[in-house]
**Q** 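Structure in structure tokens, see below.
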Amino acid sequence: MKHNFFKVGAAAALTVTGVSAITSMKTVRAANFTAIKQVKISYLPGKSLNIWTNYENGQFMGYRAKDGTVWNVAETALDKKGNLWYKVGTREWIEARYTVDVTAGEKAEVSQAPTVKKTEAKQTKTTVNKKTAAVATKTATQKKAEKIAKVKKAKQIVNTAVKKTQNITKTSSTQASSKAASIVALAKQQVGKNYVWGAEGPDSFDCSGLVQYVYQKAAGVNLPRTTYDQVKVGQTVSLNNLQPGDLVFWGSTTAPYHVAIYVGNNQYVNAATPEQGTILQTVSSYFTPSIAKRVL
């Protein structure tokens with residue numbers, strides 16, 4: 001496809017886009033045309049101006065005029081919107097608003113557009129396709145690598161969180177075990193002391209008073225005063241899965257009448273009755289707790 005432009009000089013005045021990337025340029029001298037004026041492209045610095053097939057609803061021709069280059073104008077025209085256009089070739093047009101007139105005394109090298117051979121365009125197309133494929137492959141590889149990195153980072157975050165949780169759980173479990181051991185030891189130390197209704201220690205207790213005293217002194221846990229309120233604290237656990245330090249209750253599961261501290265080996269310490277006082281007893285089938293709570 002041959003384009004006669006009304007200009008002479010450097011073919012580098014145009015930039016080329018798409019598959020028709022120019023590898024060889026041929027200057028077409030405008031000996032048969034008379035230029036009515038010369039204009040210089042005054043577009044954005046470093047940018048180029050599109051060249052169109054017509055001033056009215058034209059199509060982009062695939063190449064551009066570089067900013068600062070000078071062009072011969074053969075004809076002018078106004079489009080339907082009143083915009084001024086310049087014809088710079090046999091059917092090549094540029095928008096006048098992006099140009100400035102070249103004065104008569106101003107020396108300027110007039111730019112020249114290339115002609116593109118079809119064979120060269122095909123070769124260029126192949127080269128461009130190869131480059132595009134290489135870029136696409138690189139982009140896909142980069143995306144895959146980024147995805148792998150994100151997954152790896154997410155796993156690291158999860159693993160770190162799990163380890164922290166495990167450490168916290170382990171620490172909490174260790175602390176609970178330590179407190180439970182202190183509760184069991186202090187509860188056993190109260191064995192032999194008197195039972196007095198309403199007593200809270202340290203010399204005598206009733207059942208809930210003993211529990212409140214031992215938990216506060218051994219573990220720093222402040223429990224309510226009565227069995228009715230103590231049964232509301234902590235987590236309900238199976239009577240078949242008791243651990244030292246658990247509380248065991250008798251009577252109603254919501255309003256029990258008696259409470260004791262489980263100390264392991266199927267035994268518990270409780271302030272039983274005025275006759276028995278505070279004693280260590282074994283869980284039996286005829287006096288089985290109705291509910292158990294784990295406070296720690």
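Residue numbers count from 1 along this sequence. When reading the values below, keep in mind they use all heavy atoms of this one structure, side chains included, and skip hydrogens, waters and symmetry mates.
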**Q** In the structure I gave you, are the side-chain heavy atoms of L247 and V211 within less than 4.5 Å of one another anywhere?
**A** yes

**Q** Measure the NZ-CD1 distance between K155 and I157 for me, rounded to the nearest 0.5 Å.
**A**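 The NZ atom of K155 sits 13.0 Å away from the CD1 atom of I157.
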
**Q** Output, in order, the C-alpha distance, side-chain angles, deciding distance and verdict of side chain to side chain donor-acceptor pair (under 3.5 Å) for Q142 and T139.
**A** CA-CA 5 Å; Q142 289 175 339; T139 302; 4.8 Å; no

**Q** For the backbone of L223 and the side chain of Q212, can you confirm whether one donor and one acceptor N or O come within less than 3.5 Å of each other?
**A** yes

**Q** N72 and Y86: side-chain contact (heavy atoms from CB on, under 4.5 Å), yes or no, with the steps?
**A** CA-CA 9 Å; N72 289 327; Y86 292 147; over 6 Å; no

**Q** With the threshold set at 4.0 Å, does a side-chain nitrogen-carboxylate oxygen contact exist between D67 and K47?
**A**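 The answer is no: the pair does not qualify as a salt bridge.
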
**Q** Are side-chain heavy atoms of T236 and K293 found at a separation under 4.5 Å?
**A** yes

**Q** Rounded to the nearest 0.5 Å, how far does OG1 of T226 lie from NZ of K232?
**A**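 The NZ atom of K232 sits 7.5 Å away from the OG1 atom of T226.
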
**Q** How close do I36 and A74 get, counting heavy atoms only, and between which atoms?
**A** CG2-O, 4.0 Å

**Q** Is the shortest side-chain heavy-atom distance between T282 and S284 below 4.5 Å?
**A** no

**Q** Are the side chain of K87 and the backbone of T90 linked by a donor-acceptor contact shorter than 3.5 Å?
**A**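 Checking the backbone N and O of T90 against the side chain of K87, a donor-acceptor pair under 3.5 Å is found.
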
**Q** In Å and rounded to the nearest 0.5 Å, what is the CG to CG distance from L78 to L84?
**A** 5.5 Å

**Q** Between K37 and D101, does at least one N-O distance fall below 4.0 Å, as a salt bridge requires?
**A**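 So K37 pairs with D101 through a salt bridge.
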
**Q** Ignoring hydrogens and geometry beyond distance, is a side-chain donor-acceptor pair present between K193 and Q190 at under 3.5 Å?
**A**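 Result is yes, a qualifying pair exists.
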
**Q** Here's a test for you: under side-chain hydrogen bond (donor to acceptor under 3.5 Å, both in side chains), which of R225, E200, Q230 qualifies with S208?
**A**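 Among R225, E200, Q230, the one meeting side-chain hydrogen bond (donor to acceptor under 3.5 Å, both in side chains) with S208 is R225.
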
**Q** Looking at N57, I want to see if its CG is surrounded by more than 12 non-hydrogen atoms of other residues, nucleotides or ligands under 6.0 Å.
**A** no

**Q** Given I261 and I183, is the side-chain contact (heavy atoms from CB on, under 4.5 Å) satisfied, shown in steps?
**A** CA-CA 8 Å; I261 300 172; I183 288 171; 3.9 Å; yes

**Q** Heavy-atom count check: over 12 atoms from other residues, nucleotides or ligands less than 6.0 Å from N159 CG?
**A** yes

**Q** Is the side chain of T160 donor-acceptor paired with the backbone N or O of Q156 at a distance under 3.5 Å, no angle test?
**A**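 Flag set: sc T160 to bb Q156 pair under 3.5 Å.
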
**Q** Rounded to the nearest 0.5 Å, how far apart are CG of L296 and CG of D246?
**A** 8.0 Å

**Q** Please report the shortest heavy-atom distance between P289 and L239, naming the atom on each side.
**A** O-CD1, 3.2 Å

**Q** To the nearest 0.5 angstrom, please state how far the NZ atom of K66 sits from the OH atom of Y43.
**A** 15.5 Å

**Q** Checking the side chain of W250 only, and the main-chain atoms of F287 only, is there a donor and an acceptor separated by less than 3.5 Å?
**A**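 Here the side-chain-to-backbone pair exists.
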
**Q** Counting only heavy atoms from other residues, nucleotides and ligands, does the tally under 6.0 Å from OH of Y195 exceed 12?
**A** yes

**Q** Can you tell me which residue pairs pass the ring pair (Phe, Tyr, Trp, His ring centres under 6.0 Å) test with a partner in residues 218-248, sequence neighbours excluded?
**A**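 Not a single pair qualifies under ring pair (Phe, Tyr, Trp, His ring centres under 6.0 Å).
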
**Q** How are the rings of Y213 and F205 set relative to one another: parallel (under 30°), tilted (30 to 60°) or perpendicular (over 60°)?
**A**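 Tilted: the ring planes of Y213 and F205 meet at 30° to 60°.
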
**Q** Could you pull out the closest heavy-atom pair between G245 and V184, with the gap in Å?
**A**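 Shortest heavy-atom separation between G245 and V184 comes out as N-CG2, 4.0 Å.
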
**Q** Between L44, L49, N50, which is the residue that forms a side chain to side chain contact (heavy atoms under 4.5 Å, CB included) with Y98?
**A**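 The side chain to side chain contact (heavy atoms under 4.5 Å, CB included) with Y98 is passed solely by L49 among L44, L49, N50.
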
**Q** Give the minimum heavy-atom separation between A180 and P244, together with the two atoms involved.
**A**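 Taking A180 first and P244 second, the nearest heavy atoms are CB-O, 3.4 Å.
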
**Q** Quick one: are Y63 and E92 in side-chain contact, heavy atoms under 4.5 Å?
**A**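 Counting from C-beta outward, Y63 and E92 do come under 4.5 Å.
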
**Q** Decide yes or no for K80 and E56: does some side-chain heavy atom of the first lie under 4.5 Å from some side-chain heavy atom of the second?
**A**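 Answer yes - side chains close enough.
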
**Q** Any side-chain heavy atom of V70 sitting closer than 4.5 Å to one from V39?
**A** no

**Q** Tell me, do N270 and L280 make a side-chain contact under 4.5 Å, heavy atoms counted?
**A** no

**Q** Just jot down the side chain to side chain contact (heavy atoms under 4.5 Å, CB included) partners of S285, sequence neighbours excluded, or say none.
**A** none

**Q** Nearest heavy-atom pair of T99 and A96: which atoms, and what distance?
**A**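 The answer is OG1-O, 2.8 Å.
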
**Q** What's the spacing between N54 CG and M61 CE if we round to 0.5 Å?
**A** 10.5 Å

**Q** Return yes if some donor-acceptor pair links the side-chain N/O of D79 with the main-chain N/O of K81 below 3.5 Å, else return no.
**A** yes

**Q** When you compare the side chain of E95 with that of W85, does any pair of heavy atoms fall below 4.5 Å?
**A**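 Heavy-atom side-chain distance check passes, below 4.5 Å.
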
**Q** With ring centroids as reference points, do Y268 and Y262 lie under 6.0 angstrom apart?
**A** no

**Q** At their closest point, which heavy atom of S290 faces which heavy atom of T253, and how far apart are they?
**A** O-CG2, 3.9 Å

**Q** Between V162 and V158, is the side-chain contact (heavy atoms from CB on, under 4.5 Å) condition met? List the steps.
**A** CA-CA 6 Å; V162 170; V158 171; 4.1 Å; yes

